Amino acid sequence: MNVDYALLTDLYQLTMAQGYWAAEKAGEEACFTMYFRDYPFKGGYAVACGMAQLADLVEGFRFSEDDIAYLASLDAPAGGKLFDPAFLDYLGDLRLTVNIDAVLEGTIVFPHEPLVRVTGPIMQCQLIETALLNMVNFQTLIATKAARVVRAAKGRPVAEFGLRRAQGLGGVWASRAAVVGGCASTSNVLAGKLFDIPVSGTHAHSWVMSFDDELTAFREYARVFPNNCILLVDTYDVEQGIRNAITVGLEMRERGERLAGIRIDSGDLSWLSKMARSMLDAAGLSDCGIVLSNDLDEYTIDSILGEGADVMSFGVGTKLASAYDQPTLGGVYKLAAVRGGAGAPWEPRLKISESAAKLTTPGVLDVRRYYLPDGHIAGDMVFDVNYEPSEREVIVDPMDDLRQKNLRGLRYETLLAPLARGGRVVLDAADRSAMAARERACVGLETLDETQLRMLNPHTYPVGLELGLNERRRALVAELRHIV
């Protein structure tokens with residue numbers, strides 16, 4: 001989509017940009033790394049998403065005349081205009097020249113490893129920070145939630161229909177992210193058009209209520225949509241609704257048509273679905289499926305299926321599209337290296353905090369993913385591309401350097417791939433496809449051990465710093481803290 005994202009930023013990014021410009025640092029180069037610190041939903045993995053929108057950001061990044069006029073109107077708290085007119089002229093002519101590397105959407109990712117790396121003029125790196133975090137944080141969160149829900153459904157299709165409860169227009173990208181995470185379809189027609197993803201839906205309670213009686217409403221819907229007929233049976237009384245659906249289903253059969261299913265959207269879904277299955281089978285409609293909805297998430301779906309309910313598919317809305325139980329991923333974007341200009345050597349940068357969890361990793365970082373002979377993931381090595389990894393191929397836990405793992409001799413692949421070069425998107429159409437990302441996520445989840453996939457108390461996956469990188473980080477911490 002061609003959207004003006006230039007002002008999708010925090011004000012301090014623009015005040016820093018003017019500072020870099022005024023201090024003649026705008027051309028100095030920097031390397032920033034985006035990563036997250038904690039597993040979402042107390043799980044054992046995340047599904048990367050948001051990179052397609054990031055590509056849109058790069059392609060459409062311009063400060064329009066209207067943008068410049070707005071910035072020119074802003075006043076400084078102490079009086080006068082906030083921005084220098086000469087700086088605003090500079091912004092008006094600015095075009096991105098950054099290089100961006102990122103994991104492909106649908107890649108299974110873990111805490112403390114880079115999802116996105118941005119290198120280029122420091123001012124430009126800062127100007128895209130907020131939008132980048134907004135896109136990747138939110139969509140990775142939703143894709144991960146979707147993967148958990150879909151896994152709980154045990155092969156049954158899950159339709160996402162949370163747009164009406166989503167956080168504003170973010171719901172459009174939430175629908176796409178849900179499909180990346182494994183959902184079979186979305187009710188969101190705009191998302192279907194924009195992202196070429198499957199859409200699904202039938203009717204609501206209002207359809208039934210608009211007629212004098214439920215049976216007439218069902219008959220009319222079956223007449224208009226004989227090839228897409230799933231009847232919502234809980235507007236008044238579920239048992240009577242099922243009887244009316246059976247009547248219509250038998251009438252459809254006489255016409256050579258088929259009632260595809262019934263949907264239950266309230267009550268004890270497990271008990272009601274079992275009752276419905278018994279009634280449908282007794283009427284000879286064993287080919288009529290049962291769809292369940294109503295505030296579902298991975299835990300309720302797991303419980304329903306654990307009780308033996310016979311379900312064709314699920315519709316999941318609020319708790320998926322809004323990431324109901326965890327509103328943010330908490331990903332961060334940190335300066336990791338600087339240099340005077342292209343071709344100059346990189347100088348590592350590191351943020352030290354009173355909290356050990358907030359200690360950053362310096363360098364121009366990438367990730368090697370190692371695989372066991374059976375195809376399962378063995379571990380991820382975060383390394384600096386400017387240093388050859390140690391032949392020992394040992395990774396060190398960034399939170400506890402006494403925890404180490406040897407990966408020597410195992411097959412590996414490098415995860416970060418070019419997304420933009422010199423400010424131009426190089427990600428091809430296939431890698432921007434939501435359906436290709438969905439397939440990538442499906443394949444990636446199969447490389448995890450069952451202990452990492454379980455919903456409660458999963459085994460945490462080993463991500464570590466390359467041995468030399470860990471030593472350089474420790475030395476830099478000691479230097480900055482003046483430790484002899």
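Because only heavy atoms are used, hydrogens play no part in the values below, and waters and symmetry mates are left out as well, while side chains stay in. The shown structure was predicted, so the numbers you read here are calculated from the model rather than taken from an experiment.
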Charged N to carboxylate O below 4.0 Å: is that the case for [X] and [Y]?
| X | Y | value |
| --- | --- | --- |
| R369 | E113 | yes |
| R432 | D56 | yes |
| R424 | E59 | no |
| E257 | R253 | no |
| D380 | K405 | no |
| D265 | R263 | yes |
| R440 | D431 | yes |
| R277 | D281 | yes |

- Hey, is OH on Y70 packed in by over 12 heavy atoms from elsewhere, all under 6.0 Å?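 Open.
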- Task: Please round to the nearest 0.5 Å and tell me the distance separating atom CZ of R151 and atom CG of D302.
- Result: 10.0 Å
- Message: What's the separation between atom CG in L71 and atom CG in L14, rounded to the nearest 0.5 Å?
- Response: 5.5 Å
- Can you check whether R243 reaches M279 side chain to side chain, under 4.5 Å on heavy atoms? yes
Would you kindly say whether [X] and [Y] are connected by a side-chain donor-acceptor distance under 3.5 Å?
| X | Y | answer |
| --- | --- | --- |
| Y371 | E413 | yes |
| R148 | Y299 | yes |
| D234 | H205 | yes |
| D449 | T451 | yes |
| T247 | N244 | no |

Would you tabulate the side-chain donor-acceptor contacts of residues 179-189 under 3.5 Å, counting partners in other chains and residues two or more places apart, or write 'none'?
| residue | atom | partner | partner atom | Å |
| --- | --- | --- | --- | --- |
| S185 | OG | S200 | OG | 2.7 |
| T186 | OG1 | E160 | O | 3.4 |
| T186 | OG1 | E160 | OE1 | 2.5 |
| T186 | OG1 | S175 | OG | 3.4 |
| T186 | OG1 | N188 | N | 3.0 |
| N188 | OD1 | L190 | N | 3.2 |
| N188 | OD1 | A191 | N | 3.0 |
| N188 | ND2 | S175 | OG | 3.1 |

- K334 to Y35, cation-pi by 6.0 Å centre distance and 45° axis angle: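 Not flagged: K334 not positioned over aromatic ring of Y35.
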